[in-house]
Amino acid sequence: MGEDKGKKETIKINVTGMHCTSCAMNIENKLKEKEGIDQASVSYSTGQANIEYSPEKIDKKEILSAVEESGYKGFFIHEDEAEYATDPITGMRLLKSRAIKESFGGRDYYFADEHSLKKFQSPEEELKTMKKRIALALSGVIILGVARLVATLTLAAGVSIISMAPIPALPWFTWGYWLFLLTTPIQFIAGYGFYKGAYYAIKNRSLNMDFLVAMGTLTAWTYSSFVLFFPGVLPVTIRDVYFEVSAVIIAFVLVGKFMEDYIKQRSSAAVRKLLDLRPKTAQVIRDGEEITVLAELIKVGEIVVVRPGQSIPVDGVVVEGESSVDQSMVTGESIPVSRKVGDEVIGATINKQGMIKFKATKVGSQTALMQIIKLVEDAQSSSAPIQRVADKVSSYFVPVVVLVAILTLVIWTLIGNFTAGILSFVAVLIISCPCALGIATPAALMVGVGKGAENGILIRGGEYLERTHLLNKIFFDKTGTLTKGKPEVTDIVSSNPDETLKLAAIAEKGSEHPLAEAILKKADSLKLEIPDAVKFQAIAGQGIEAQWDNQPLVLGNRKMMTSHGIEISSLEDEIQKLETQGKTVIMVAYSNKISGIIAIADTLKKYSKEVVQELDSMGIESIMLTGDNERTAQAIAAQIGITNVYANLLPQEKLEVIKKLQEEDNIVAMVGDGINDAPALAQADIGISLGSGTDVAKETGGIILVNDDLRDVVSGIKLSKATMKKIKQNLFWALFYNSAAIPLAAFGFLNPMIAAAAMSLSSLSVVTNSALLKRFKIKK
């Protein structure tokens with residue numbers, strides 16, 4: 001592929017028909033061979049391919065053809081828009097109103113014509129097709145079992161081999177012919193998918209599970225056919241057939257794959273649940289009238305009406321009314337939140353009480369819901385670095401297994417037991433499918449990421465899981481992360497606190513200074529009546545002087561009091577005590593006498609102390625980074641139990657602190673609350689963005705927390721560690737299984753039918769073990 005300096009585009013394709021990670025690697029390699037495709041990654045667990053390409057060199061149809069050339073079916077996934085959609089088969093952009101609409105698995109698809117619709121096969125449709133193949137295979141195996149039983153009961157005297165036993169009514173027609181007739185449809189109809197996959201695997205020069213199953217079952221069937229129809233050709237002394245071996249292997253593998261895919265779909269239900277939250281219709285104001293429209297046709301700027309009990313269709317800002325909104329399914333917040341004029345609302349959440357009207361600000365793929373879904377799907381398609389090692393092992397595994405199987409056959413034949421050689425050859429091929437190894441990471445990643453998404457914890461990918469597992473230090477920004485970021489009145493020292501607060505509010509009325517805002521907010525909460533002052537004057541660096549009720553009113557620091565000759569010695573001890581705690585102290589004097597003092601500080605967020613304590617119990621050191629002064633930083637740190645504090649830092653200096661600790665072989669995380677912390681979040685091994693709200697796509701962090709709840713930091717780390725633990729368990733058992741099973745099969749201790757059952761169970765156990773992550777409890 002040559003370097004393309006032109007425009008590049010990214011598309012996402014759903015791929016059906018994959019049976020293992022080798023299938024995904026085959027498709028990936030095929031795509032990368034195409035001129036114009038710059039990047040391609042295919043995930044077996046999600047069934048999706050992410051492709052970056054140059055439209056000038058290759059079009060969408062050619063990309064889809066490349067997937068089909070690999071032996072699989074693909075279809076385009078469109079970014080949801082208000083009026084337009086993408087034909088899954090042709091990639092054409094369609095007007096929804098003129099397209100054929102069908103729903104599969106909770107998603108709506110739009111087709112240009114009937115031809116596209118007929119060619120389309122969703123993952124749900126693929127499962128239905130597999131069910132039919134399983135029904136054929138299992139019914140055939142059941143009949144085979146009955147036939148074997150009847151043959152055993154009706155054996156002619158002196159006949160020891162069932163397949164050679166004649167049927168009483170037809171002496172010339174032995175049970176072997178009957179077994180041949182029963183198993184051949186299973187071999188070539190139920191097992192068709194394996195032969196097709198094997199053909200494309202050979203064509204693409206990359207062997208996979210299909211090749212192993214096809215080769216093993218075809219060997220058993222061909223051997224049995226030769227023994228039955230050409231008894232003198234093969235060097236065997238016991239002319240028994242093993243038709244049922246191939247039939248049972250196909251049945252077991254199909255059932256195992258079906259269960260695996262079924263559990264995978266259930267495990268990935270987080271995305272489907274989110275999709276199901278979207279309402280189908282909505283009420284909007286057009287031309288002064290309220291009308292009902294399809295939710296997907298709402299346009300930015302339109303006024304949407306939502307009544308109690310209805311779902312909010314898109315993101316927006318409330319312009320009329322007040323209500324409480326249940327955001328639990330999108331953000332994980334268990335308690336409904338109050339929403340009034342000027343507040344944001346998130347699409348797919350539920351309006352609980354009053355009627356509200358809001359202006360749509362984000363629609364289609366731009367809504368918070370669709371951003372979250374995209375992040376989750378991208379994360380589920382990613383892989384951890386540890387999985388890349390497993391994938392590399394898998395790529396060499398199949399050719400090595402084929403050589404081991406051939407060597408096994410040769411050795412058994414030289415020993416003089418060709419039949420045992422054939423059975424061991426088949427057993428080695430079947431037992432060695434590296435499926436469990438390939439899905440060890442994706443299966444756990446899918447469940448862990450989905451579990452997080454259900455609770456407002458978005459993990460961007462496997463690499464962050466692996467780093468979190470080794471995390472030993474975590475940096476917190478102070479303002480807005482550990483603290484609320486808004487100054488509040490914390491103390492009033494006075495013989496008449498309400499009077500002192502009222503005087504301060506009179507002086508500050510009309511000011512936009514953050515300290516003034518804190519005083520006025522406190523006065524408002526106490527329902528104090530605040531009249532206007534006269535002769536208001538602000539003195540830079542000192543305070544305010546005003547007049548009220550014909551008396552001088554002075555507000556400010558020590559310098560302000562001294563310049564006006566006001567004695568404050570009686571309150572000096574209290575002033576110093578509050579300043580030691582990192583609080584800003586404002587002195588209030590009226591009629592040339594001190595009235596009292598007011599302390600203002602940026603107060604701690606709820607749970608900040610508990611979060612630091614819990615991280616400490618997990619062996620993770622908490623460190624504070626802040627641009628604030630040393631005294632204030634130390635005071636806040638002392639309240640929550642942080643001993644390591646870096647103060648007076650510029651954004652670039654925060655980066656230097658993080659780099660220094662990374663150079664000392666620490667794995668560090670940075671918790672920040674948005675844009676100001678973006679450079680530090682990017683530098684840290686794990687950036688944790690707190691309280692991202694509706695703008696999840698803009699966040700820098702590897703772990704994105706939708707809510708402004710510090711407990712989610714701990715939950716996100718614990719969930720990451722739990723997911724990584726499952727990945728390691730899966731990889732261990734997959735490697736142990738393959739390592740232990742191949743020698744058993746080669747030495748003839750494993751019947752091929754048992755090998756098929758064991759192989760299916762190994763993959764199933766990995767998927768089931770991963771599904772247990774759904775039980776992970778996120779404490780709130």
Side-chain angles (χ1 to χ4, degrees), residues 317-324 337-343 353-354 356 483-575 577-579 581-606:
V317 177
V318 178
V319 295
E320 186 181 317
E322 188 172 345
S323 183
S324 61
V337 293
S338 174
R339 287 292 178 260
K340 58 185 183 300
V341 174
D343 290 341
Q353 294 177 345
I356 57 171
T483 65
K484 293 177 181 177
K486 293 181 179 179
E488 291 183 0
V489 173
T490 58
D491 304 86
I492 301 173
V493 181
S494 170
S495 58
N496 189 342
D498 285 0
E499 180 65 19
T500 297
L501 180 62
K502 180 180 177 179
L503 290 169
I506 291 169
E508 295 281 18
K509 192 174 182 181
S511 172
E512 294 181 357
H513 192 280
L515 298 182
E517 188 181 333
I519 289 171
L520 292 167
K521 186 177 179 182
K522 181 68 173 178
D524 184 59
S525 70
L526 295 175
K527 304 277 193 292
L528 299 179
E529 189 176 335
I530 310 300
D532 294 330
V534 294
K535 296 183 180 178
F536 173 92
Q537 184 183 1
I539 300 172
Q542 294 187 34
I544 295 169
E545 59 181 24
Q547 194 173 51
W548 177 64
D549 200 18
N550 297 318
Q551 295 294 326
L553 174 58
V554 180
L555 188 79
N557 55 22
R558 282 188 178 85
K559 192 179 284 187
M560 188 72 173
M561 296 297 118
T562 302
S563 66
H564 285 76
I566 297 168
E567 181 63 43
I568 59 169
S569 57
S570 61
L571 293 172
E572 188 60 44
D573 288 345
E574 287 292 340
I575 292 169
K577 177 184 172 185
L578 292 167
E579 285 180 337
Q581 294 171 9
K583 296 175 181 179
T584 300
V585 178
I586 295 174
M587 296 146 220
V588 183
Y590 181 63
S591 190
N592 298 313
K593 292 179 183 178
I594 191 77
S595 172
I597 58 176
I598 298 174
I600 298 175
D602 185 4
T603 55
L604 290 176
K605 270 186 183 175
K606 199 174 181 182

Review item, side-chain donor-acceptor pairs of residues 589-596, under 3.5 Å, at least two apart:
| from | atom 1 | to | atom 2 | distance (Å) |
| --- | --- | --- | --- | --- |
| Y590 | OH | W548 | O | 3.0 |
| S591 | OG | Q551 | OE1 | 3.0 |
| S595 | OG | T500 | OG1 | 2.9 |

Any donor-acceptor pair under 3.5 Å linking the side chain of T483 with the backbone of D602? no

L503/E499 under side-chain contact (heavy atoms from CB on, under 4.5 Å): CA gap, chis, key distance, verdict: CA-CA 6 Å; L503 290 169; E499 180 65 19; 4.0 Å; yes

Can you give the donor-acceptor pairs under 3.5 Å from side chains of residues 553-566 to other protein atoms, not counting sequence neighbours?
| from | atom 1 | to | atom 2 | distance (Å) |
| --- | --- | --- | --- | --- |
| N557 | OD1 | K559 | N | 3.3 |
| N557 | OD1 | M560 | N | 3.1 |
| N557 | ND2 | G541 | O | 2.9 |
| R558 | NE | E572 | OE2 | 3.4 |
| R558 | NH1 | E579 | OE1 | 3.3 |
| R558 | NH1 | E579 | OE2 | 3.2 |
| R558 | NH2 | E572 | OE2 | 2.5 |
| T562 | OG1 | R558 | O | 3.0 |
| S563 | OG | K559 | O | 3.3 |
| S563 | OG | M560 | O | 2.8 |
| H564 | ND1 | M560 | O | 3.0 |
| H564 | NE2 | E545 | OE1 | 2.7 |

Answer yes or no: is there a side-chain heavy-atom contact under 4.5 Å between [X] and [Y]?
| X | Y | value |
| --- | --- | --- |
| V585 | I598 | no |
| D491 | K583 | yes |
| E508 | I544 | yes |
| S324 | R339 | no |
| I600 | I586 | yes |

Before giving the answer on salt bridge (charged side-chain N to carboxylate O under 4.0 Å, His left out), spell out for K340 and D343 the whole-Å C-alpha distance, their side-chain angles and the decisive distance to 0.1 Å. CA-CA 6 Å; K340 58 185 183 300; D343 290 341; 3.8 Å; yes

CG on L520 to CD1 on I506, rounded to 0.5 Å: 10.5 Å

Distance from M587 atom CE to L571 atom CG, nearest 0.5 Å? 9.0 Å

Using side-chain hydrogen bond (donor to acceptor under 3.5 Å, both in side chains) as the criterion, list what pairs up with [X], not counting sequence neighbours.
| X | result |
| --- | --- |
| D532 | K509 |
| K502 | none |
| D549 | none |

Taking all non-hydrogen atoms of both residues, which atom of [X] and which atom of [Y] are closest, and how far apart?
| X | Y | value |
| --- | --- | --- |
| S323 | Q353 | OG-N, 3.3 Å |
| V588 | A504 | CG2-CB, 4.0 Å |
| I530 | A523 | CD1-CB, 4.1 Å |
| A518 | P487 | CB-O, 3.3 Å |

Could you pull out all residues at least two apart from E529 that satisfy salt bridge (charged side-chain N to carboxylate O under 4.0 Å, His left out)? none

Check step by step if side-chain contact (heavy atoms from CB on, under 4.5 Å) holds for I597 and L578. CA-CA 10 Å; I597 58 176; L578 292 167; 3.9 Å; yes

